J.: 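What follows is a structure written as structure tokens; I'll ask about it next.
Being a predicted model, the structure only gives us computed values, none of them experimental.
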Amino acid sequence: MATSNSRLARPWLRRAAVAFAVAVTGAVLADEAQQKIFAARARAQYQRAKMQYETDAGNITNVWHFASAAFDAAEFSTNKVERAALANEGIAASRSLVARKSKWVAGHYYLAMNLGQLARTETIGALKIVKEMEIEFNEAADLDPRFDHAGPVRDLGLLYRDAPGWPVSIGNPSKARSFLRQSVRLAPDYPENYLHVIESYLKWNDPDTARRELHHLDAIWPAARTNLTGEKWGAKLDNWSTRRDAARKQLVITPAR
């Protein structure tokens, strides 16, 4: 029976893994010209990080910067072959870091993130990928839940939100709510944490809570726009603005409960 369930679960788990990966990396940007600019920057950063990594792979900072850059570059891939290749490079670098420094949060975190990118290209093996992502994100959360603006707990929340529930997989709305709300508490000045909470409550048909969280997001928005500047934040800010507008429009047409 377990084998049968696993076979039936594969397409569902792949779709869930894709939904998770898209949530983590961001929705498609509305402006195609901007998309090309951000993609070029991500690829350039990947090439710089790869050169530094290949020059001195013994430098731990070089390792996790390369794993992070591989993940970012994969987001702008135009085909599955390229995305899988970049994800596998990030996975290999992350695994090497975990093997050398098992208590470094970055190794576990970017291993899970790059596994998410790989999941977007997979047609089989989704169950194994989802389970490994859960393990690595939990390890990262135990080591430093505030890393990357509460990234480990934020992404655990998304994983539990988007995966099918028991007995097929690990999906759990209660855990999703807990981790997503924890991300806001740990990094209350980071817009993406609020956006995921808002989008999740809309998904769960709770517009009243979504409206309250949008109010909190609006309150921190001016400071975020001022403080998060430069090439690193351009694509993220564009994406967040698009998603914020979309949530606001959805709430306008959604009656209060």
J.: Is it the case that Arg177 places NZ or CZ above or below the six-membered ring of Trp204, under 6.0 angstrom from the centre and within 45 degrees of the axis?
T.: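 Judged by the rule, Arg177 and Trp204 form a cation-pi pair.
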
J.: Hey, does the side chain of Arg154 reach the backbone of Asp148 with a donor-acceptor pair shorter than 3.5 angstrom?
T.: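 The answer is yes, because a donor-acceptor pair under 3.5 Å joins these two groups.
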
J.: Using every non-hydrogen atom in the two residues, find where Ser94 and Asn114 come nearest and quote the distance to one decimal.
T.: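 Result for this residue pair: OG-ND2, 4.3 Å.
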
J.: Can you list everything that forms a ring pair (Phe, Tyr, Trp, His ring centres under 6.0 Å) with Tyr53? Sequence neighbours excluded, please.
T.: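 In terms of ring pair (Phe, Tyr, Trp, His ring centres under 6.0 Å), with neighbours along the sequence ignored, Tyr53 is linked to Phe66.
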
J.: Provide the closest heavy-atom pair for Ile129 versus Leu115 in the form atom of the first, atom of the second, distance.
T.: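 Here Ile129 and Leu115 meet closest at CG2-O, 3.7 Å.
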
J.: Can you sort out the partners of Gln182 under side chain to side chain contact (heavy atoms under 4.5 Å, CB included), two or more places apart, ordered by chain and number?
T.: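 Once residues adjacent in sequence are excluded, the partners of Gln182 under the side chain to side chain contact (heavy atoms under 4.5 Å, CB included) criterion are Val153, Phe179, Arg185, Leu186.
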
J.: Search all heavy atoms of Thr209 against all heavy atoms of Asp206 and return the closest pair with its distance.
T.: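 Between these two residues, the closest heavy atoms are OG1-OD2, 2.9 Å.
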
J.: Can you list the steps and then say if Tyr46 with Asp72 is a side chain to side chain contact (heavy atoms under 4.5 Å, CB included)?
T.: CA-CA 8 Å; Tyr46 161 77; Asp72 289 337; over 6 Å; no

J.: Answer yes when Arg120 and Glu75 have at least one side-chain N-carboxylate O distance shorter than 4.0 Å, and no when they do not.
T.: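 Counted as a salt bridge, because a side-chain N and a carboxylate O are separated by less than 4.0 Å.
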
J.: Mind running side chain to side chain donor-acceptor pair (under 3.5 Å) on Tyr160 and Glu134 for me, showing each step along the way?
T.: CA-CA 9 Å; Tyr160 288 126; Glu134 180 188 27; 2.7 Å; yes

J.: For Arg243, does its backbone N or O pair with a side-chain atom of Arg248 as donor and acceptor, under 3.5 Å?
T.: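 No, the answer is negative, given that no donor and acceptor are paired below the 3.5 Å cut-off.
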
J.: For the pair Ser68 (side chain) and Trp64 (backbone), establish whether a donor and an acceptor sit closer than 3.5 Å, ignoring hydrogens and angles.
T.: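 Checked: no pair found.
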
J.: Is the side chain of Arg244 donor-acceptor paired with the backbone N or O of Leu195 at a distance under 3.5 Å, no angle test?
T.: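 No, because the side chain of Arg244 does not come within donor-acceptor range (under 3.5 Å) of the backbone of Leu195.
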
J.: Under the salt bridge (Lys or Arg N to Asp or Glu O under 4.0 Å) definition, can you give me all pairs with a residue in residues 88-117, not counting sequence neighbours?
T.: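 Found Lys50-Glu89, Arg95-Glu132.
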
J.: Locate the shortest heavy-atom distance separating Ala57 from Val63; write the atom from each residue and the value.
T.: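 Heavy atoms only, the tightest pair is O-CG2, 3.4 Å.
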
J.: Mark yes or no for whether Arg83, through its side chain, and Ala74, through its backbone, hold a donor-acceptor pair below 3.5 Å.
T.: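 Present.
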
J.: Answer with yes or no after comparing the ring centroid distance for Tyr109 and Phe147 against a 6.0 Å cut-off, counting only values under it.
T.: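 Between Phe147 and Tyr109, which both carry aromatic rings, the centre distance is below 6.0 Å.
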
J.: Taking all non-hydrogen atoms of both residues, which atom of Asn62 and which atom of Asp56 are closest, and how far apart?
T.: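 In this case the closest contact between Asn62 and Asp56 is ND2-O, 3.1 Å.
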
J.: Check Ala187 against Ala150 and note the closest heavy-atom contact, atom names and distance.
T.: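 So the two residues come closest at CB-CB, 4.1 Å.
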
J.: Any salt bridge between Glu213 and Arg181, counting N to O under 4.0 Å?
T.: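 Here Glu213 pairs with Arg181 in a salt bridge, since their nearest N and O are under 4.0 Å apart.
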
J.: Determine yes or no for a side-chain-to-main-chain donor-acceptor pair under 3.5 angstrom, with Ser183 supplying the side chain and Leu180 the backbone.
T.: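 Yes.
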
J.: Mind telling me whether Tyr190 and Trp233 have parallel, tilted or perpendicular rings, with 30° and 60° as the class edges?
T.: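 Perpendicular, since the angle between the ring planes exceeds 60°.
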
J.: Test Glu139 against Val105 for side chain to side chain contact (heavy atoms under 4.5 Å, CB included), laying out the working first.
T.: CA-CA 8 Å; Glu139 184 67 26; Val105 61; over 6 Å; no

J.: List the steps and the verdict of ring-ring contact (aromatic ring centres under 6.0 Å, His included) for Phe71 and Tyr110.
T.: CA-CA 8 Å; Phe71 169 83; Tyr110 286 110; 7.2 Å; no

J.: Okay, side chain of Ser241, backbone of Asp238: is any donor-acceptor separation there less than 3.5 Å?
T.: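 Not a single qualifying donor-acceptor pair exists.
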
J.: Any non-hydrogen side-chain atom of Asp155 less than 4.5 Å from a side-chain atom of Met113?
T.: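 They are in side-chain contact.
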
J.: Hey, does the side chain of Asn172 reach the backbone of Gly165 with a donor-acceptor pair shorter than 3.5 angstrom?
T.: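 No; zero donor-acceptor contacts below 3.5 Å.
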
J.: Check for a donor-acceptor pair, side chain of Ser200 on one end and backbone N or O of His196 on the other, with a separation under 3.5 Å.
T.: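 Between the backbone of His196 and the side chain of Ser200 there is a qualifying donor-acceptor contact (under 3.5 Å).
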
